[in-house]
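Data block below; observations after.
For the single chain, residues carry numbers from 1 onward in sequence order. Predicted, not measured: the structure shown is a model, and the values here were computed from it.
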Amino acid sequence: MRSVTIASRKNSLRAAALVASAAMVVVGVQAGSAGAASGNHDSGGLPLALSAGQKASAVKDAQSSASTTAAKIGLGSKEKLIVRDVVKDTDGTVHTRYERTYDGLPVLGGDLVVHETKNGARSVTKANDAEISVPTTDPRVAPSAAKKSALSVAADAQNSKTDSQAPRKVVWAAQGKPVLAYETVVKGVQKDGTPSKLHVVTDAATGEKLYQHESIETGEGTSTYSGKVPLTTTKTASGYELTDGSRGGHKTYNLAQGTDGQGTLFTSSNDVWGGGAQSAAVDAHYGAAVTWDFYKNVLGRSGIKGDGKGAYSRVHYGDNYVNAFWDDDCFCMTYGDGEGNSHPLTALDVAAHEMTHGVTSATAGLEYSGESGGLNEATSDIFGKAVEFYANNKSVPANYFVGQQININGDGKPLRYMDQPSKDGRSKDYWSSSLGSLDPHFSSGPANHFFYLLSEGSGAKKINGFSYNSPTADKSKITGIGRDKAIKIWYKALTTYFTSTTNYKAARTGTLKAAADLYGSGSTEYKTVAATWTAINVK
């Protein structure tokens, strides 16, 4: 389950308990490389746009040969692979993403990606390169003790209770040597009113807490923010409803300040929308449509999971709820109305931000804690702004300021600044060894800065009427390669080289591989990716 809020500095934010420190490891299995060797490259690393049926067939085929693949990459006899995703490139390279089990138990942090070129060269990207093995799968600690321990960890959440299922037995491999463990999910409500689904991992031999992460991670009509916009709706016997049949059946519902259930589907006697409760619905419906179109038309991805199926949106969540979030369990976006229930958090970049958390969950699965949490949050900021630029809506001039329209802080300032993240007073411009101890909304700063520098370059400039002045840690001058190329490189890395434990150093490795695949390892794009990471102190 993966859900993420856009977050406000006004809110009391849950701090990440442990710092994720595992790095991506690439292991060569056969001679050869999926990357290009020179600057003369034809972008053969671009992903093919697969239909939902083609995607399903590719996953089925990969699963049928999973046992053979496990043997080829040297996994033990007790390990099995479960296919999560398959990406095929135009040059014939296939990237297959797997979860792993050991003796029938899920391995948390055992995910990996197998890359195979057209000529059979194979390499593997692993979340953890440690041997997956535990002395026994019989726990010393009872499930009830693990549940009690998890409830004590979640004491800050209101109305905390464990879900109906008993703690599940797992192998914990995201940090260091694998151990037998329990994973318990504790549900409640965070201090700012956001639902809480806290995952607590407990050592099954000692009862010691090993890790915790919050999986609700903090998010023609006339709209609140985007002016008059086109909407795709569905005609019914009595009028129209906010169901988008051309984008996987996406629906938009009204929670009417409630916090449970799906809500009521928005309907109208005519196909003109806006005013009152409908304005926020127009923003949410429009945001979902533009985000769908961006992923499909720019990156070849059909829907959040790449399966052609739409999610749904819920607006008017809670009373004075100043946030928005994505929830994998309902596969939906949820938006509060802000202070006084008068300023819904349904701006376009927020909608795209929340939906992108779903894309990250369906691909790399970046854990929302430590450095991987910062990269998760930055990914949503990056594609949130990419969607805003893609929309080219004259009512909403695109910029590199996150959440500027929703004015959560009440002073007209944005939540985050991509050109110089530290301007928000909490985010960091550059990487340091203490970065992973921050809330992901602030440890995202260096990755946001990387994306801005890679796209636009350093120094003072004006873009779309907005002024920026982006510094570098080493005082170097960066000449950007353009936003379109930067977007493709980040998406390629996310979908084929990032794993659940990817940290900043591993993100450098993954984006360099992506740049080599797309533009060649001798290209200006590749060299600029390397120089830009160095410019934010990731070497």
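- Here the CG-OG1 distance, from Leu46 to Thr90, works out to 5.5 Å after rounding to the nearest 0.5 Å.
- With hydrogens and angles disregarded, a donor-acceptor distance shorter than 3.5 Å links the side chain of Thr502 to the backbone of Thr499.
- Between Tyr452 and Tyr468, the ring-plane angle classifies as tilted under the 30° and 60° cut-offs.
- At least one donor-acceptor pair closer than 3.5 Å links the side chain of His316 to the backbone N or O of Ala277.
- Under the salt bridge (charged side-chain N to carboxylate O under 4.0 Å, His left out) criterion, the residue pairs touching residues 245-262 are Glu241-Lys251, Asp244-Arg247, Arg247-Asp293, with sequence neighbours excluded.
- Residue Ile481 comes nearest to Ala486 through the heavy atom pair CD1-N, 4.1 Å, listed as atom of the first residue, atom of the second, then distance.
- With hydrogens and angles disregarded, a donor-acceptor distance shorter than 3.5 Å links the side chain of His285 to the backbone of Thr232.
- Taking every heavy atom of both residues into account, Asn393 and Ser395 meet most closely at OD1-N, 2.8 Å.
- A heavy-atom distance below 4.5 Å is found between the side chains of Ile406 and Val350.
- Between the side chains of Asn469 and Asp419, not a single donor N or O lies within less than 3.5 Å of an accepting N or O.
- No salt bridge links Arg84 with Asp111; every basic N to acidic carboxylate O contact stays at or beyond 4.0 Å.
- In this structure the side chain of Trp273 reaches within 4.5 angstrom of the side chain of Thr233, judged on heavy atoms.
- With hydrogens and angles ignored, the 3.5 Å screen pairs no side-chain donor or acceptor of Arg314 with any backbone N or O of Thr259.
- Of the possible donor and acceptor atoms, one in the side chain of Asn537 sits under 3.5 Å from a partner among the backbone N and O of Trp431.
- In this structure, CG on Leu265 lies 4.5 Å from OG1 on Thr243, to the nearest 0.5 angstrom.
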- Query: Given Met355 and Phe294, is the side-chain contact (heavy atoms from CB on, under 4.5 Å) satisfied, shown in steps?
  - Reply: CA-CA 12 Å; Met355 291 181 76; Phe294 163 79; over 6 Å; no

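- A ring-centre distance under 6.0 Å is not found for Tyr253 and Tyr317.
- Note: Gln278 CD to Thr267 OG1 = 8.0 Å, rounded to the nearest 0.5 Å.
- Between the side chains of Thr534 and Arg508, a donor-acceptor pair is found at a separation under 3.5 Å.
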- Task: Would you check, one step at a time, whether the test side-chain contact (heavy atoms from CB on, under 4.5 Å) holds for His199 with Tyr368?
- Result: CA-CA 11 Å; His199 293 241; Tyr368 202 75; over 6 Å; no

- Task: Kindly indicate, with the supporting measurements, whether the criterion side-chain contact (heavy atoms from CB on, under 4.5 Å) is fulfilled by Ile382 and Asn448.
- Result: CA-CA 7 Å; Ile382 287 167; Asn448 280 339; 4.0 Å; yes

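- A side chain to side chain contact (heavy atoms under 4.5 Å, CB included) with Leu453 is found for exactly one of Ser476, Ser458, Pro471, namely Ser458.
- Using a 4.0 Å cut-off between a side-chain N of Lys or Arg and a carboxylate O of Asp or Glu, Asp271 and Lys235 do not qualify as a salt bridge.
- Asp85 places no side-chain N or O within 3.5 Å of a backbone atom of Arg97 that could act as its donor or acceptor partner.
- Pairing each heavy atom of Ala280 with each of Val315, the nearest pair is O-CG1, 3.9 Å.
- Not counting sequence neighbours, the partners of Asp89 by the side-chain hydrogen bond (donor to acceptor under 3.5 Å, both in side chains) test are His95, Lys492.
- Donor-acceptor pairing under 3.5 Å is lacking for the side chains of Asp283 and Tyr335.
- Put simply, CG on Asp474 and CD1 on Ile536 are 10.5 Å apart, with the number rounded to the nearest 0.5 Å.
- Proximity of Leu48 to Gln54: side-chain heavy atoms (C-beta onward) are nowhere separated by under 4.5 Å.
- Distance CD/Gln190 to CZ/Phe325: 9.5 Å, rounded to 0.5 Å.
- Contact record, Asn464 with Ala398: ND2-O, 3.2 Å, taken as the closest heavy-atom pair.
- Although no hydrogens or angles enter the test, the distance criterion places a donor-acceptor pair under 3.5 Å between the side chain of Asn320 and the main chain of Gly340.
- Less than 6.0 angstrom separates the ring centroid of Tyr295 from the ring centroid of Phe383.
- No side-chain donor from either of Thr360 and Asn376 sits under 3.5 Å from a side-chain acceptor of the other.
- The only option from Lys461, His449, Glu456, Gln420 that meets the side-chain hydrogen bond (donor to acceptor under 3.5 Å, both in side chains) definition with Ser470 turns out to be His449.
- Between the Glu371 side chain and the Leu435 main chain, no donor and acceptor come within less than 3.5 Å of each other.
- Inter-residue side-chain proximity for Thr125 and Thr509 is flagged as unmet; no heavy-atom pair is nearer than 4.5 Å.
- A cation-pi arrangement is found for Lys305 relative to Phe331, the charged atom lying closer than 6.0 Å to the ring centre and inside a 45° cone about the ring normal.
- With Ser372 as reference, Glu367 is the one residue of Glu377, His213, Glu367 to meet the side chain to side chain contact (heavy atoms under 4.5 Å, CB included) rule.
- Ionic pairing of Arg426 and Asp439 is not present here: no N-O contact between side-chain nitrogen and carboxylate oxygen is shorter than 4.0 angstrom.
- In this structure the side chain of Val359 never reaches within 4.5 angstrom of the side chain of Thr379, judged on heavy atoms.
- A donor-acceptor pair under 3.5 Å is formed between the side chain of Thr236 and the backbone N or O of Gly239.
- Taking NZ of Lys309 as the start and CD1 of Ile304 as the end, the distance is 13.0 Å to the nearest 0.5 Å.
- Between Tyr497 and Val113 the shortest side-chain heavy-atom distance does not fall below 4.5 Å.
- Annotation: side chain of Ser269 is not in contact with side chain of Tyr240 (no heavy-atom distance under 4.5 Å).
- Contact annotation: the side chain of Tyr312 approaches that of Cys330 to within less than 4.5 Å [non-hydrogen atoms, C-beta and beyond].
- Shown here for Ala352 and Gly384, the closest heavy-atom pair between the two residues is CB-CA, 3.7 Å.
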- side-chain contact (heavy atoms from CB on, under 4.5 Å) assessment of Asp349 paired with Phe401: CA-CA 10 Å; Asp349 64 337; Phe401 305 137; over 6 Å; no

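- Proximity of a side-chain donor or acceptor of Ser313 to a complementary backbone N or O of Met333 within less than 3.5 Å is not detected.
- Evaluated for a ring pair (Phe, Tyr, Trp, His ring centres under 6.0 Å) with Phe498, the options Tyr491, Tyr504, Trp490 yield exactly one hit, Trp490.
- Looking at Trp533 and Thr511, their side chains do bring a donor and an acceptor atom within 3.5 Å of each other.
- When every heavy atom of Arg301 is checked against every heavy atom of Thr363, the shortest pair comes out as NH2-CG2, 3.6 Å.
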